[in-house]
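Quick notes on the structure that follows.
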There are 2 protein chains.
Amino acid sequence: MARAGLTTERLVKAGAELADEVGFDQVTVSALARRFGVKVASLYSHVKSSHDLKTGIALLALGELADRAAEALAGRAGKDALAAFANAYRDYAREHPGRYDAARFRLDPETAAASAGVRHAQMTRAILRGYDLTEPEQTHAVRLLGSVCHGYVSLEAAGGFSHSAPDSQESWAWVVDSLDALLRGRPLS
Amino acid sequence: MARAGLTTERLVKAGAELADEVGFDQVTVSALARRFGVKVASLYSHVKSSHDLKTGIALLALGELADRAAEALAGRAGKDALAAFANAYRDYAREHPGRYDAARFRLDPETAAASAGVRHAQMTRAILRGYDLTEPEQTHAVRLLGSVCHGYVSLEAAGGFSHSAPDSQESWAWVVDSLDALLRGRPLS
DNA sequence: CCGACTTGCCTAAAGGTTTTAGGAAGCTGC
DNA sequence: GCAGCTTCCTAAAACCTTTAGGCAAGTCGG
């Protein structure tokens with residue numbers, strides 16, 4: 001009875017791959033068991049429940065996304081940093097749609113607090129230090145930045161911008177430019 | 001064998017209520033049947049499948065949202081219109097979280113084209129006519145507006161802004177102000 | 001008013017997912 | 001080489017989805 005070598009980590013990783021292939025909502029304990037050539041019940045030694053598995057995938061995705069953003073941010077400041085950060089977000093969502101969906105899985109507050117969501121907030125704040133904002137404004141701007149990145153990427157992933165001119169890429173560049181101008185407190189072009 | 005008087009419309013409406021109560025992803029043909037005190041199979045005369053039911057709820061939500069936005073927009077222009085539109089969006093999501101989730105249910109392209117999504121785009125464009133934008137810019141701005149509204153509301157619903165000062169309401173006002181300033185091409189305050 | 005037709009809800013059943021309980025085979029360390 | 005832990009299995013109950021076929025309640029022509 002050769003062992004498949006299951007671990008929580010491998011399951012979560014495979015679950016993330018599965019999400020990218022078939023969509024996050026199609027990720028199921030059964031499908032994962034099939035992928036490992038193993039009976040369903042076997043997974044329950046490594047994963048508490050279906051919900052637990054999805055939470056794991058969500059945390060993985062949040063972590064990967066934070067890593068990407070951190071890498072993109074390294075050595076940059078100002079608009080450069082803003083654009084790199086935003087692009088990291090968007091690229092990740094395009095490369096890993098299932099994982100990106102997972103990153104928006106509703107986490108209970110304690111799990112969320114222990115997640116990489118905190119790193120995201122810190123990085124956003126770091127970018128904004130390159131702009132001249134008062135403290136309350138900085139928080140508002142953190143929220144604005146998060147909203148734009150998340151909103152744009154979501155709508156794009158849902159196909160919202162795909163069947164009309166101009167190209168989504170152009171709009172994205174315009175949006176990033178505009179945010180920069182807004183945060184610098186200067187008019188657009 | 002008293003008849004329950006099921007119709008597709010009533011099922012979709014009840015499904016929307018159910019979504020607001022227990023979450024859109026918990027909306028199930030079985031749960032709906034229980035709510036009507038009827039056997040599960042009975043619903044399949046009115047609804048093709050679970051996916052079909054969810055599509056119906058999504059279309060209902062999109063329509064309601066467009067109605068609200070249209071009402072908010074009536075008789076307003078410029079920043080007034082912008083704020084009213086954005087608030088309609090946000091208020092709907094807060095009052096009807098399940099329906100709002102439903103509105104983001106992935107529709108196949110033809111269904112989407114026939115949905116109220118089109119009205120949303122038209123209204124956004126109408127708002128932007130109050131600003132002085134060139135044609136390509138207007139499209140970019142449509143996308144930006146959609147992204148901000150959707151992104152902010154999503155993150156807020158996920159609890160992203162709930163456990164930190166300042167109040168989300170303040171940030172929202174700041175964001176709307178900022179968008180207005182951005183679109184007018186003027187610096188922020 | 002009554003047979004025939006349509007419609008609305010039912011029973012039955014098959015297939016898939018989730019989750020728990022308990023058993024047997026493989027690995028680890030003494 | 002065997003005690004014990006880990007890994008994976010079989011079994012089974014509960015729930016959701018979907019299809020097929022049946023009976024009875026409304027509806028309509030004669």
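In what follows, chains carry the letters A, B, and so on, assigned in the order in which the sequence lines appear, proteins first and then strands, with residues in each chain numbered from 1.
The ring-ring contact (aromatic ring centres under 6.0 Å, His included) pairs that include a residue from residues 120-153 of chain A are A/His140-B/Trp174, A/Tyr152-A/Phe161, A/Tyr152-A/Trp172, where partners are two or more places apart or lie in different chains. Sorted by first then second residue, the side chain to side chain donor-acceptor pair (under 3.5 Å) pairs that include residues 23-34 of chain B, not counting sequence neighbours, number zero. Counting only residues at least two apart or in different chains, salt bridge (Lys or Arg N to Asp or Glu O under 4.0 Å) contacts with residues 103-116 of chain A comprise A/Asp101-A/Arg104.
Residues that satisfy the salt bridge (Lys or Arg N to Asp or Glu O under 4.0 Å) test with A/Arg143, not counting sequence neighbours, are absent from this structure. A/His96 is linked by a ring-ring contact (aromatic ring centres under 6.0 Å, His included) to A/Tyr92, counting only residues two or more places apart in sequence or in another chain. In this structure B/Asp167 satisfies the salt bridge (Lys or Arg N to Asp or Glu O under 4.0 Å) test with no other residue, sequence neighbours excluded. Listed by chain and residue number, nothing satisfies the side chain to side chain contact (heavy atoms under 4.5 Å, CB included) test with A/Ala41 (two or more places apart in sequence, or in another chain). Listed by chain and number, the residues in a side chain to side chain contact (heavy atoms under 4.5 Å, CB included) with A/Glu95 are A/Arg68, A/Asp91 (sequence neighbours excluded).
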Watson-Crick or G-U pairs under 3.5 Å in DNA chain D, rendered as dot-bracket with [ ] for crossing pairs and | for another strand | ||||||||||||||||||||||||||||||
Give every pair of a protein N or O atom and an N or O atom of nucleotides 21-24 of chain C that lie under 3.5 Å apart, one pair per line with the distance.
none

Please produce a list of atom pairs where a protein N or O lies less than 3.5 Å from an N or O of nucleotides 14-17 of chain C.
{"residue": "C/dT17", "atom": "OP1", "partner": "A/Arg34", "partner atom": "NH2", "Å": "3.2"}
{"residue": "C/dT17", "atom": "OP2", "partner": "A/Arg34", "partner atom": "NH1", "Å": "3.3"}
{"residue": "C/dT17", "atom": "O3'", "partner": "A/Thr28", "partner atom": "OG1", "Å": "2.9"}

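For the OP1/OP2 pair of D/dT7 and a distance below 4.0 Å, the side-chain nitrogens and oxygens of A/Ser45 include no atom meeting the criterion. Taking side-chain N and O atoms only, A/His51 has no distance below 4.0 Å to OP1 or OP2 of C/dT19.
With distances taken from any side-chain atom of B/Val40 to the nucleotides D/dC8, C/dC9, D/dT17, the minimum falls on D/dT17. Comparing D/dT7, C/dC9, D/dT18 by their nearest atom to the side chain of B/Tyr44 picks out D/dT18.
Think of A/Val38 as one node in a network of Ile, Leu, Val, Met, Phe, Trp and Tyr side chains linked at under 4.5 Å; its network also takes in A/Leu6, A/Leu11, A/Val12, A/Leu18, A/Val22, A/Phe24, A/Val27, A/Val29, A/Leu32, A/Phe36, A/Val40, A/Leu43, A/Tyr44, A/Val47, A/Leu53, A/Ile57, A/Leu59, A/Leu60, A/Leu62, A/Phe105, A/Leu107.
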